[in-house]
Amino acid sequence: MITFFVIGLTVHVVFFISIFDIYFTSPLVHGMTPHSTPLEPPASRLVLVVADGLRADSLFTLLPNGSSRTPYLRSIIEDKGTWGVSHTRVPTESRPGHVALIAGFYEDVSAVAKGWKENPVEFDSVFNESRHTWCWGSPDILPMFAKGASGDHVYTHTYSAVEEDFASTDASKLDSWVFTQVKSFFKSAQSNSTLKASLWEDKNVFFLHLLGIDTNGHAHRPMSQEYLDNIGLVDAGVAEVVSIIEDFFDNDGRTAYVFTSDHGMTNWGSHGAGHPSETLTPLVAWGAGVQKAKGVTEPQPYNDGFLQDWKLEHLRRVDVSQADIAPLMASLVGVPIPVNSVGVLPLLYLNNSERFMAESMYTNAIQVLEQFKMKMMQKKETTLSFLFTPYQLLTESKQAEFTQKARILIQLEKYEDISLCQSLISRSLEGLVYYHTYDRFFLGCSVVLGFVGWTSYVVLVILKTHASLNRHPNLTKQVRIYSRLLCTCVAVVITLFLLIQRSPITYYIYYTFKIMQTGFKKCTKQIIIKAIIKYRYTMVNVLKWKTAFVFVSVSVQSRSLSWLVGCLCLAAFPLMPVVGREPNIHLVGWLQVATRYLGSRMVYFLNIDRIRKLYLKRPSSIFVPLLSSTRLFHRLLSIFLSLTSTYLLLSTGSEALFPPVLSWLMFVWINIEQEALLAQGMSGRQELSTIDFSANIDITKIRQLKLDDIRRSYFFVFFIITAFFGTGNIASINSFDPASVYCFLTVFNPFIMGGLMMWKVIIPFIIVMCTFETIQVATQLSSRSLFLIVLVISDLMALHFFFMVQDYGSWLDIGTSISHYVIVMSMTIFLMLLSVVTHVLTSQRLVLWRQRKMHFP
């Protein structure tokens, strides 16, 4: 059993990892040469201001009296600069947003494994290409760009991490700190000749990261006065900083300014998903090299209604993708575009000659083409020449044709090459996707065959354990010989193929499962055919069994009514919104009182003073079940009340009702299974009141597998899925409401906060697992047999969702497809480990004192 457990765990871990290896590997390549526009840039320095968590509508919408809460930025929009909406991508978090802004590419989600604080893959950025960069702001954002820079020219000034307190009455002090530091910095530079000389050099960047708006949005919601007042404070601070910078540089007109946000925020104070309030952020640019405000009279190509809502229909609006801001900043200040950037230079923001814009767009095209060439070269080197299929729309000859034609047009001062460069960028980006997904089909096939092989092996184990099927000895020997010979030949061929192509180690693992599937395909086929012939009449009786089960349930009116009502109540929870639920503190408070009362009555009934004292300390109530009786109902009630008590501390609304409803339905399920055993006249059936979890199981009573056990396993999988989706899913953790963890933590810490949210999600799992443990004991069936059936069901579900994973379409569709596969694969791995925990919770007991007073042994 231990060997099977280790093999099963290894197989599912590999299949779990395969989804990221096949669909979500890092798109970055290295080794490209940086390219910059050969002409004189319009600006000597750039000031980038990022208001973390600022929504586009919060900045652009006017007050009811017609005035603006951001008068300075509004005046820039109407007179001195160009404005638009920056469209971000999921996950709408601070790190990916800043990477897109400053490095120009949309980082893969694997960065979440490091809390969005460290660089999982080194990358180039505008800061790295600058001569000097000075940064002020959050310790969660600034260090990653300083660490990724080559040399020692990125200087960071951060406040303490404990200042990022979601429970703070007003987090605008974080932004005030940044503005104060910037003013002090330029004041000290007046008397520091070395620093002053550095500041007067060209290609310098100043970065102000303002976290106060985001923190106030989490704590008080975006419609709160604190959030809106913080926006006004930022506007006044930006006006003051601009004035100081202009005075310092004697109003030389060589400073460019960019004001934007990394992501927005929902009305309920969260971000991470793809709601428009999270993905639409403001962009305002002005200063050296930036086009001034341009009035329009014709209708603009935007049908979202924002122009009318914001009273800006008379001014030209220029929307961009978030990654486009990086080449814009690089073009303004004259530094090379980051080599990994996939952004397209938004020419409508530039105020310069046609030649400068043509050269800038040509540089942008060559920079993206360099990535394509590197990606193609890497794939060509690791693929056999006769198997390599190049991207037909951008072969080497077509690349040379594009670049030569564009260069000639620029030399002839015919600047229609801009459209040609845009076409080259578009094809290069498509080619990057082509080579990035080049091996996906072959890897997918190997994983699918591995799935089939593993599932066949599990079915074979079930049949060999619970069916008396004998094969002819000679046939068995022949099949074994042929299988080993076939496996050896396939293994040698595939190994040589992978060695020649210098494939990663994970490719060997995926093809190993394919070989395993080939090896026992024949013997599995023969056994399954015999099993079908032997049990064909039994399978026909499944419909009779289903009907009998319904009548058994109906015969017991009270239990059938409880089952019906419990299922209807439980079905309501997955229909509720995952995020955006309004808090209901009164409901949570009353449930806490009720749980506290029931728990205290339970320990009073058991007459154990020390348990009562331990239970009253809510965080330690999880240990109470280990001190209670191991009799079935006593231990289950203790577990359910303890877990519910902890769950309530992590609840803010109607989800607090989920554990009580789930626990109620689990008790009904246990009773219904007992009635089913009674209707079947099973010998040796134990009464629920006499079952003790700690009693040694009599091996002679362990029975063979029956068709009823398939139903039990199916119910278990169903309740596990319901336990997960009843309270939230992957998206709710990415865009969770920090208010859920305020009882334990208010200072921003992604790992601890994420851990608490995961514990909240795990609690319903434990409730269902304890129930399943109870049913195993009551029905006298080994956990191994039931888990094998669960394994087959979950693997079939995983194979189905593997085909449905997609990395195209809307971000909601992509996230949902990933969630489904990850959930099913994690479920099998997770349940294997969680079964050990539930076994301890149900059967083990801690004795902290010698004498104990109990009404029950």
Side-chain angles (χ1 to χ4, degrees), residues 26-38 41 43 45-48 50 86 88-89 94-108 111 116 118-135 141-151 153-154 156 202-207 209 256 258 260 262 283 285 289 320-347 349-350 359-375 421 424-425 428-429 432 436:
S26 176
L28 300 187
V29 290
H30 300 87
M32 294 81 67
T33 303
H35 293 270
S36 59
T37 305
R45 65 202 69 92
L46 172 78
V47 179
L48 172 63
V50 177
S86 171
T88 69
R89 285 193 182 181
S94 292
R95 178 196 162 93
H98 281 87
V99 168
L101 286 171
I102 301 168
F105 69 91
Y106 302 103
E107 190 178 25
D108 56 315
W116 286 306
E118 298 292 336
N119 300 345
V121 179
E122 295 300 329
F123 56 86
D124 193 19
S125 69
V126 174
F127 295 173
N128 184 47
E129 298 292 352
S130 67
R131 190 180 304 277
H132 302 285
T133 296
W134 288 272
C135 311
I141 299 299
L142 305 189
M144 69 179 179
F145 292 103
K147 181 179 178 180
S150 58
H153 63 278
V154 178
T156 61
D202 61 351
K203 299 181 181 180
N204 284 339
V205 177
F206 305 95
F207 174 43
H209 177 238
V258 175
T260 186
D262 56 344
L283 174 61
V320 301
S321 296
Q322 194 173 49
D324 298 342
I325 298 177
L328 172 63
M329 295 189 297
S331 178
L332 288 172
V333 79
V335 301
I337 299 174
V339 294
N340 299 119
S341 172
V342 296
V344 181
L345 178 64
L347 293 175
Y349 277 85
L350 296 179
E359 288 282 5
S360 298
M361 184 56 73
Y362 178 77
T363 301
N364 192 183
I366 295 300
Q367 169 263 322
V368 177
L369 182 61
E370 284 289 325
Q371 296 182 69
F372 171 81
K373 288 181 176 179
M374 185 60 64
K375 196 79 171 179
C421 292
L424 179 58
I425 292 174
S428 298
L429 293 177
L432 281 172
H436 184 63

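Keep in mind that the numbers below use all heavy atoms, side chains included, and drop hydrogens, waters and symmetry copies. Nothing here was measured: the structure is a model prediction, and the numbers come from that model.
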- Task: Report the residues that fulfil side-chain hydrogen bond (donor to acceptor under 3.5 Å, both in side chains) with Q322, sequence neighbours left out, ordered by chain and then residue number.
- Result: none
- Q367 side chain to P338 main-chain N or O, any donor-acceptor pair under 3.5 Å? yes
- Got a sec, which residues hit ring-ring contact (aromatic ring centres under 6.0 Å, His included) with Y349, two or more places apart in sequence or on another chain? none
- Query: Short question: side chain of S341, backbone of I337 - any donor-acceptor pair under 3.5 Å?
  - Reply: no
- Item | H35 NE2 to Y362 OH distance, which is reported to the nearest 0.5 Å | 9.0 Å
- Nearest-0.5 Å distance that lies between atom CE in M329 and atom CG in L345: 12.0 Å
- Value rounded to 0.5 Å, distance of NE2 in H98 from OG1 in T260: 9.0 Å
- Query: So do S428 and Q371 actually touch side chain to side chain, heavy atoms under 4.5 Å?
  - Reply: no
- Under the ring-ring contact (aromatic ring centres under 6.0 Å, His included) test, residues paired with H132 that sit two or more places apart: W134
- Heavy-atom pair with the smallest gap, counting every atom of A100 and A326: O-CB, 4.3 Å
- Note on the structure: Interatomic distance, NE2@H209 vs CD1@I102, rounded to 0.5 Å, equals 9.0 Å
- Give a yes or no on whether the backbone of L432 and the side-chain of H436 come within a donor-acceptor separation of less than 3.5 Å. no
- Item | Heavy-atom pair of closest approach, residues V50 and D262 | CG1-N, 3.8 Å
- Which one of F127, F206, F145 satisfies the side chain to side chain contact (heavy atoms under 4.5 Å, CB included) criterion with C135? F127
- Query: Side-chain donor-acceptor pair under 3.5 Å between T363 and S360, yes or no?
  - Reply: no
- Message: Has D124 got a side-chain atom pairing as donor or acceptor with V339's backbone, closer than 3.5 angstrom?
- Response: yes
- Closest contact, heavy atoms only, A256 versus L332: CB-CD1, 4.2 Å
- Message: With rounding to the nearest 0.5 angstrom, report the CZ to CG distance, F207 to L101.
- Response: 8.0 Å
- Can you list the steps and then say if V99 with M144 is a side chain to side chain contact (heavy atoms under 4.5 Å, CB included)? CA-CA 9 Å; V99 168; M144 69 179 179; 4.2 Å; yes
- Would you mind checking if R45 and D202 are paired as a salt bridge, meaning a charged N to carboxylate O distance below 4.0 Å? no
- Which atoms form the tightest heavy-atom contact between P336 and P34, and what is the distance? CB-CB, 3.8 Å
- Are L46 and V258 close enough that some pair of their side-chain heavy atoms sits under 4.5 Å apart? yes
- Contact summary for K203 and S130, nearest pair of heavy atoms: O-CB, 3.4 Å
- D324 side chain vs S321 backbone, donor-acceptor pair below 3.5 Å: yes
- Query: Between N340 and V29, is there a donor-acceptor pair closer than 3.5 Å when you use the side chain of the first and the backbone of the second?
  - Reply: yes
- Message: Please check: side-chain N/O of N364 versus main-chain N/O of G343, any donor-acceptor pairing under 3.5 Å?
- Response: yes
- Worked check of side chain to side chain contact (heavy atoms under 4.5 Å, CB included) between H153 and N128: CA-CA 8 Å; H153 63 278; N128 184 47; 4.0 Å; yes
